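Written out below as structure tokens is the structure these notes cover.
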Amino acid sequence: MTDPMPISLVAHTAFCPRRAWLEAVGEQVDNIAIERGVADHTRVDARSDDRVRRRRSVDVVHEDLRLVGRCDVVDVAADGVRVVEFKAAPIRRRAEVTMAQEVQLALQGLSLESMGHTVVGHSIYFTTQRKMVDVEITDTVRQRARDLVELTRATVESPAAPLPLVDDPRCNRCSHASVCLPDEHRQPPLVRRLAVSDPDGQVLHLTTAGSRASLRKSRVEVVRDDQTLASLPIERVQGLVVHGNVDLSSALIRELLWRRVAIIWASGLGRTVGYARSAGAPNGLPRAHQHVQSAHGRIDIAREMVAPKIANQATQLRRSSRDDVTAAVRRLRTLATAARAAGDVRLLLGMEGEAASIYFAHLPSMLADGCRLAPSWHGRTGRGATDPLNVAFNFTYGLLAADLIRAVIATGLDAHAGFVHSTSRNKPALALDLMEQFRPVVADSVVLGAINNGELKASMFVDVLGSHRLRDDGRRALTRAYERRVHQEFRHPTYRYQVSWRRAMEVQARMVLGVMDGTQDSYAGIRVR
Ligand code: SF4
């Protein structure tokens with residue numbers, strides 16, 4: 001790192017070197033909420049003293065240590081300056097000064113001194129408790145801060161990520177636990193699970209043709225013909241999927257990208273036509289490793305993309321079929337076992353193909369007795385499907401693909417460099433790889449459930465010269481059913497904790513990231529029993 005280093009990175013190192021590394025590679029989490037909260041308090045909570053001039057958001061620099069930073073507040077008096085940091089302390093309840101905070105204050109003070117100021121004191125104002133605490137910065141603290149500058153520089157310049165802490169209480173209160181996944185790196189069944197802050201949020205689907213979404217007073221508003229169809233706070237939006245002919249304002253696009261929220265555009269049939277990601281995507285080096293490993297091939301990862309899919313097809317068929325499907329399920333299980341030992345991707349694709357033909361041959365047996373759509377089924381067709389069932393599957397696979405693209409983008413990996421799907425085909429190959437395990441138990445389950453419970457009806461398809469299309473109400477019905485499904489929780493087979501299907505998509509993408517950055521030995525797909 002030849003550029004000056006932010007003081008905040010050194011404070012992260014004081015808490016945990018891996019957190020500094022995560023920040024340095026761009027994994028910034030929860031910053032918007034914390035920054036806003038602190039900024040609000042900074043405006044209202046001031047030490048009233050007419051003899052002190054208060055300066056807010058003061059940029060500081062230390063040329064020798066090659067540091068830059070920003071002090072929340074610097075109080076300027078006749079005898080010198082006092083550094084005041086504002087801390088929201090959302091998790092720690094008591095107004096206690098941590099070692100990381102001491103280090104941050106020490107480096108801010110050293111920087112101000114190097115700029116020619118006399119520093120007469122350091123304080124922290126705890127906004128949650130509305131309490132000012134003066135902090136003594138001793139020579140020992142200053143030396144520790146200097147040592148941590150060196151350690152931080154070595155950490156962030158290292159090509160390898162520091163390993164997560166093991167069973168360490170710091171992880172319980174770490175803002176980066178949702179992206180670090182400290183326990184999941186070891187892949188044992190977990191005995192504890194860290195609580196992560198609302199990682200699921202809301203994925204907003206815009207499905208009404210002719211509508212327009214824009215940003216208004218920090219809310220996303222969707223309007224058609226002067227009628228407001230939806231309005232929600234922008235901080236609740238974790239992803240945006242635009243289906244068909246819906247307009248987005250450029251202010252909304254810019255704000256979402258600034259917040260690192262991915263936007264995915266899909267055709268009315270559910271096919272992904274493009275996506276936008278923030279220029280500040282994290283994990284640049286693991287992304288480069290991903291390209292190299294994708295080009296060389298990683299059969300161990302490819303196996304774990306395909307074998308769980310076949311195992312999950314067996315489970316879905318066993319759970320949903322009205323017929324005796326014992327032989328088919330047995331064959332699928334044999335194929336799933338064989339896929340775990342496949343020597344190359346070509347063999348793997350052959351097994352996947354055989355499994356798909358067995359599974360989809362039994363599809364009518366998974367529909368309710370007398371289902372009006374069943375007679376139209378003549379086998380699985382992807383692109384160019386004309387029958388209503390395949391049209392419904394294609395649309396729902398599109399919703400799933402959008403979710404996986406979003407999950408991959410959140411990790412900073414490239415959705416287009418895969419291990420089963422060929423990178424050369426110009427498709428979101430890694431997202432499609434990760435999608436395989438979720439197809440039977442998320443997407444197929446949504447379509448079959450929506451048809452069997454009457455949510456998706458034959459009348460929701462329009463027949464144009466024998467070719468069927470989903471009407472708006474059909475797309476909405478499937479989207480509703482899909483959103484319900486991805487919010488349902490299940491027991492993660494590797495980690496043995498309850499997790500929503502949507503969160504599991506990011507957990508799986510982060511497992512691939514762990515293999516790419518060297519902190520995880522292997523990737524394991526989700527198999528549902
Ligand atoms: S979750 Fe634990 S290991 Fe990961 S960055 Fe935070 S403190 Fe470090």
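Order of appearance sets the numbers: ligands from 1, and atoms from 1 within every ligand. Being a predicted model, the structure only gives us computed values, none of them experimental. Only this structure's heavy atoms are used, side chains among them; waters, hydrogens and symmetry mates stay out.
Residues satisfying the side chain to side chain contact (heavy atoms under 4.5 Å, CB included) test with Glu63, not counting sequence neighbours, are Val61. The ring pair (Phe, Tyr, Trp, His ring centres under 6.0 Å) search around Trp501 returns Phe490, not counting sequence neighbours.
The contact set between ligand 1 and Arg19, taken as ligand atoms under 4.0 Å from a residue heavy atom, comprises 5 (S). Atoms of ligand 1 found under 4.0 Å from any heavy atom of Phe15, numbered from 1 in the order shown, are 7 (S). Those atoms of ligand 1 that come under 4.0 Å of a heavy atom in Cys174, given as number and element, are 1 (S), 5 (S), 6 (Fe), 7 (S). The distance from ligand 1 to the heavy atoms of Cys16 drops below 4.0 Å at these ligand atoms: 3 (S), 5 (S), 7 (S), 8 (Fe). Taking a cut-off of under 4.0 Å to the non-hydrogen atoms of Cys171, the atoms of ligand 1 that pass are 1 (S), 2 (Fe), 3 (S), 7 (S).
We find the OG1-NE2 distance between Thr155 and His12 to be 13.0 Å, quoted to the nearest 0.5 Å. Taking OG of Ser218 as the start and CG of Leu232 as the end, the distance is 12.0 Å to the nearest 0.5 Å.
Proximity of Pro182 to ligand 1, defined as any heavy-atom pair under 4.0 Å, is confined to the side chain (atoms from C-beta onward).
Using modelled atom types, one finds a donor on one side chain and an acceptor on the other under 3.5 Å when comparing Tyr482 with Asp403.
The aromatic rings of His416 and Tyr275 sit tilted relative to each other, their planes meeting at an angle between 30° and 60°.
For atom 8 (Fe) of ligand 1, the N/O/S atoms of Cys180 include none lying under 2.8 Å.
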